[in-house]
There are 2 protein chains.
Amino acid sequence: MTKWQSLIHEQLRKERDEAITLLQEWVRHASVSGAEKSIQESIASRLATMGLDVDLWVMGGDELVRHPYFVSPRLTFEESPNVVGVWKGTGGGRSIILNGHVDVVPEGDEAQWTHPPFSGEVVDGKLFGRGATDMKGGNLSSLLAIQVLQALGVKLKGDVIFQSVVEEESGGAGTLATILRGYKADAALIPEPTNMKIFPKQQGSMWFRLLVKGRSAHGGTRYEGVSAIEKSLLVVQAVGQLEKERNDRMTDPLYAKLPIPIPINIGVIEGGKWPSSVADLVKLEGRMGVAPGEQMDDAKAEMEAALRGLAEIDPWFAENPVELEWYGARWVPGSVEEDHPLMEILHKQFVATTGQRAVVEASPWGTDGGLLTALADTPSIVVGPGVTQVAHYPNEYIVLDDIFHCAEIFALTLIEWCEVSEL
Amino acid sequence: MTKWQSLIHEQLRKERDEAITLLQEWVRHASVSGAEKSIQESIASRLATMGLDVDLWVMGGDELVRHPYFVSPRLTFEESPNVVGVWKGTGGGRSIILNGHVDVVPEGDEAQWTHPPFSGEVVDGKLFGRGATDMKGGNLSSLLAIQVLQALGVKLKGDVIFQSVVEEESGGAGTLATILRGYKADAALIPEPTNMKIFPKQQGSMWFRLLVKGRSAHGGTRYEGVSAIEKSLLVVQAVGQLEKERNDRMTDPLYAKLPIPIPINIGVIEGGKWPSSVADLVKLEGRMGVAPGEQMDDAKAEMEAALRGLAEIDPWFAENPVELEWYGARWVPGSVEEDHPLMEILHKQFVATTGQRAVVEASPWGTDGGLLTALADTPSIVVGPGVTQVAHYPNEYIVLDDIFHCAEIFALTLIEWCEVSEL
């Protein structure tokens, strides 16, 4: 164990209780989209107290909302400020962005939660609540990394840019706004819940909506109509076939362990209005995974072709083509070389802290890293505490130990990446 | 042409314009479920003016709502009175019920209507509007049959019981209430839109709801979940297979011309909440046709068996059986012998007025005739103007000539069935 490692480890132990209380506070801010103001103000205030240069602003304006990468269900963000805090380095070192989002997906049916969704209750070393894993726990790791280095009197050469963004769950407008505001760095870490696997590649994804048409009739003479529900079965099958074809091509070894590297998920189905009528319209909504390195437009074209192909299976579709709309969220895929210097540092610190090699995979979902890579020339690596399996679902929780383990790796990584200043 | 036929035909011609205006008025009462009061009051007042014994009442009470045949989404009916008018006969003749409902299904998306749904606009001999065909047009035929006989100074021996009921579209509580109030007769005519085909048998039907279960997961790792949308495809197929088996058994020649004599229609599908999540629940709602003579419980048992059989196709269903609920509307099937005296009279008058034989079929949907037959010992025959194809859909209309043709047949039928009194 190096000197830094034992110092950091010990310092994290001292700060543990207070850090858990902080995460409880964060979870108790029910920061669903449009309601992030209170947590952001609280984070901005904390960053200021730590001596960072704090930038809290309400994003907006034409440059943002007309940007080709802008995706959001809304155009104004009054209750959703972005926050960036810069821990200025002494100069000469590499800079790094620690990016994380504070928006959380809705809690869903509260009855399915054992602990109230915004309680932050701690039971058996787990902290429960919406956002605990996705990704306030990861944000805490980033914050702790800075905090312990400060507590140890460390000064870094490179800047550490802590970003607490909004709108990740809806497509990344928050991170896009940081980029338009001029923030960039030599690399970025994004502590989304990877269960501490290292993801140099991030899948992109985009949402689509399909409108499947039928023709109404009375249910008692249903043969006089055409059921959009029955037709939608064919559409679901065609989308499944497209998913299979796209995944058969995925030879990247980073995806070898994933049963379906770039899934196409149809998550919503809705059609028909009356039990005794033939449904004349079914709406399907889903997300299409985009491979790292794949152009989003190429993926779109494949979807369009698959839907056109339905006309060969069933002539109904020739006369009544399925309508396709790309709507809502979109995440740009991202990719960093596996031998990137930051990858090497992360590997080294992972081994140092666990005695084991890190698992390297590609992310099964999109992150804001795609935007940072594509637009800010900032290579981004996703690695963080928590497991995807509990994100977005009732009884979301995070194992607290994992947060501190991640903070330790991050602090060690900052020391090596940004370098300690002797000034 | 008999004396009566020419007199009735001529009298109907005289009353035509006023009758069309009346149907326009009726259509302009937007008498969707819960809003039938104004049309019912207007009908009651008209029946009273015609000298009928009028009974207007708000149904309700335990006898009704706890009756095994009671089906309705509501338990109180303040804004939905029932109306019965009895044209008392001089005695010694057979009585008849002329039953029709004034409740109409919702107009749906107004944008899909060329003429506003409650306008009653007349264009090229067609009257447009929700309820024009289902079944205010038929009700007008019944009313005109009485009106023209009165105008011709006819007195009948048997009672003619004009019933203007509510709640047919939701399962027949209105007609059930007339039965509980004591109304019955030697036979009944129900002018639902059969396009003047004669239906001695009426299909029953009942609504069902299926809950298909899945297991949530993030769309990017959808293989960690189980899609209720994909599982619901299997359920739709199993229900389709059940429909096929049930219809393969339908050898009744009255159903020979119907592609699917007793359809099972899945009219509503709804599941999943987020494009990028695996749906954990899909709701399907539909109607199951019940053959004349079939016990509703036997049909239910077949549905249950088909759903149980899913476990053999996919073990998921063994652990997560589809939930089945019989809810909402239900129509009892009904059946009258093809050589019933009223059938013979209808046939005769059809030939007399058209020179052609009537088409006899079995109804592809339920009517209140099932209740009248099962509970009031009143054999019921369904025959009326208008075509099912436009019922329940945008731009519902009725060809006005058909209403007067039906009225003519009904008036002639009353003369023969109830007999003219010489008193």
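Proteins come first, then strands; the chains are lettered A, B, ... in the order of their sequence lines, and each starts at number 1.
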Point to revise | Closest non-hydrogen atom pair between B:Ile260 and A:Tyr223, with its separation | key: O-CE2, 3.3 Å

**Study point:** Spacing of CD belonging to B:Glu270 relative to NZ belonging to A:Lys273, to within rounding of 0.5 Å
**Key:** 12.0 Å

Point to revise | Lys/Arg N to Asp/Glu carboxylate O, B:Arg222 vs A:Glu243, below 4.0 Å | key: yes

Point to revise | Heavy-atom contact with chain B under 4.5 Å, split by part of A:Val278 | key: both

Practice item. Evaluate whether atom NZ of A:Lys300 has more than 12 neighbouring non-hydrogen atoms of other residues, nucleotides or ligands under 6.0 angstrom away. Key: yes

Check your understanding: Under 3.5 Å, side chain of A:Tyr393 to main-chain N/O of B:His218, donor-acceptor pair present?
Key -> yes

Exercise for review: Identify which one of B:Ile266, B:Asn265, B:Leu233 satisfies the side-chain contact (heavy atoms from CB on, under 4.5 Å) criterion when paired with A:Ile229.
Suggested key: B:Ile266

Review point. Chain A: which of B:Ser232, B:Ser363, B:Ser277 shares the most heavy-atom pairs with it under 4.5 Å?
Key: B:Ser277

Practice item. For residues A:Ser276 and B:Arg287, report the shortest heavy-atom separation together with the two atoms involved. Key: OG-CG, 3.5 Å

Point to revise | Top of B:Ala228, B:Ala279, B:Pro394, B:Gly271 for chain A proximity - count of heavy-atom pairs under 4.5 angstrom | key: B:Gly271

Review point. Any idea which of A:Pro259, A:Gly289, A:Gly366 has the most non-hydrogen atom pairs under 4.5 angstrom with chain B?
Key: A:Pro259

Practice item. Please look at B:Ser205 and chain A and tell me whether the side chain, the backbone, both or neither of the residue comes under 4.5 angstrom of a heavy atom of that chain. Key: neither

Review point. Going by heavy atoms in the side chains, are B:Tyr327 and A:Pro275 under 4.5 Å from each other?
Key: yes

Review point. Parallel, tilted or perpendicular: which describes the rings of B:Trp274 and A:Trp207, with under 30° parallel and over 60° perpendicular?
Key: perpendicular

Point to revise | Segment of A:Leu284 engaging chain B (4.5 angstrom heavy-atom cut-off) | key: neither

Check your understanding: Highest number of heavy-atom pairs under 4.5 Å with chain B: which of A:Val390, A:Ile269, A:Val236?
Key -> A:Ile269

**Study point:** Which atoms of B:Ile264 approach chain A - backbone, side chain, both or neither, heavy atom under 4.5 Å
**Key:** backbone

Point to revise | Nearest heavy atoms of A:Pro263 and B:Gly219, plus distance in Å | key: CB-O, 3.5 Å

